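For reference, the structure is listed below as structure tokens.
The figures that follow rest on heavy atoms only: side chains count, while hydrogens, waters and symmetry mates do not. The structure displayed is predicted, hence computed values, not measured ones. Atoms within each ligand, like the ligands themselves, are counted from 1 in listed order. Along the sequence shown, residues are numbered consecutively beginning with 1.
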Amino acid sequence: MPFFDGDDYHPESNVLKMSKGQPLNDEDRIGWLKTLNELAINQSKNKGCVIVCSALKEFYRDILTVDIQNNSKWVFLHGSFNQITDRINNREGHFMSSDLLKSQFDILEEPKNAIKIDISLTPNKIVEVIEKELLKKSEFGLFGLGVMGKNISRNLANKGFNVSLFNRHVVGLEENVAINLKMNL
Ligand SMILES: Nc1ncnc2c1ncn2[C@@H]1O[C@H](COP(=O)(O)OP(=O)(O)OP(=O)(O)O)[C@@H](O)[C@H]1O
Ligand SMILES: O=C(O)[C@H](O)[C@@H](O)[C@H](O)[C@H](O)CO
């Protein structure tokens, strides 16, 4: 599967700004996020891909998944501030210094719908956990999210079961149930 580092898609101006130790703001990031979204859409027409980037805020992640919400998966590599600072300080030849890290932690909105992985694990173990999570099969399949389906699926999801859902096209009703359920998982 193709792999892309989001850093390679920053415009020169963003790289320059970060090299000077200045954090990017929303305005700096929006064009970059849209570029990554285009990349993801194009790749989704083939085998799909893995993109790594700082998707710090919920609305950044919304931009990244425009038109591909239903076939995107989030993996959140989670580490403490001190641990990441140490790793950045030991990394050579990269434009980002650890001074920018605080600004990133300050705005981080942790994703609720992601596979969350502790970066203390070895890279091999991290890949193993991601593969296992991605290949996890649903334990229940539900057709129809009316009154009964809605409550059954919420109960199952709240008890930690993996649920696959199918709903008819009823604009603004069944979709909302499905979206809210997905966001709350
Ligand atoms: N699982 C790991 N165990 C030990 N060291 C790691 C692990 N993952 C990354 N590192 C080290 O941490 C440093 C930062 O890793 P890397 O550059 O891959 O992070 P990144 O998320 O791409 O960072 P950035 O967002 O700044 O590009 C590197 O020196 C890397 O070797
Ligand atoms: O949105 C951002 O602030 C940037 O994407 C940064 O996250 C850096 O590019 C990265 O951390 C350095 O590798």
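For atom 6 (C) of ligand 1, the nearest protein heavy atom lies under 4.0 Å away. For atom 3 (N) of ligand 1, the nearest protein heavy atom is under 4.0 Å away. Of the protein's heavy atoms, none falls inside 4.0 Å of atom 21 (O) of ligand 1.
For the pair C53 and G6, the tightest heavy-atom approach, listed with the atom from each and the gap, is CB-CA, 4.1 Å.
In this structure, ligand 2 sits under 4.0 Å from heavy atoms belonging to D7, H10, M18, L24, R29, W32, S54, H94, M96, Q104.
Side chain of E139 to main chain of N162: a donor-acceptor pair is present (N/O by atom type, distance under 3.5 Å, no hydrogens or angles). The backbone N or O of E58 lies less than 3.5 Å from a partner atom in the side chain of E109, making a donor-acceptor pair. Of the possible polar contacts, none joining the D8 side chain to the F4 backbone as a donor-acceptor pair under 3.5 Å is found.
Not a single heavy atom of V52 sits under 4.0 Å from any atom of ligand 1.
Around CE of M1, the count of heavy atoms belonging to other residues, nucleotides or ligands within 6.0 Å exceeds 12.
For I119, every heavy-atom contact with ligand 1 shorter than 4.0 Å involves the backbone, none the side chain.
For the atom pair CZ (R29) and OG1 (T35), the distance works out to 14.5 Å, reported to the nearest 0.5 Å. Interatomic distance, Q22 CD to N14 CG, rounded to the nearest 0.5 Å: 11.0 Å.
For atom 1 (N) of ligand 1, the closest non-hydrogen atom of the protein is L121 O, 3.0 Å. In terms of protein heavy atoms, atom 25 (O) of ligand 1 is closest to S54 OG, 4.3 Å. Here the heavy atom of the protein found nearest to atom 27 (O) of ligand 1 is D7 OD2, 3.3 Å.
A tilted orientation is assigned to the rings of F166 and F143, their planes being inclined by 30° to 60°.
Close contacts of ligand 1 with P123, meaning ligand atoms under 4.0 Å from a residue heavy atom, involve 1 (N).
Shown are N42, V66, I51; of these, the side-chain contact (heavy atoms from CB on, under 4.5 Å) with N37 is made only by V66.
T122 and N124 form no side-chain donor-acceptor contact under 3.5 Å, judged by distance and modelled atom types alone.
Taking each of R87, R91, M18 in turn, the one with a heavy atom nearest to atom 19 (O) of ligand 1 proves to be R91.
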Step-by-step salt bridge (Lys or Arg N to Asp or Glu O under 4.0 Å) determination, E110 to K116: CA-CA 10 Å; E110 292 203 7; K116 185 173 175 179; 3.3 Å; yes
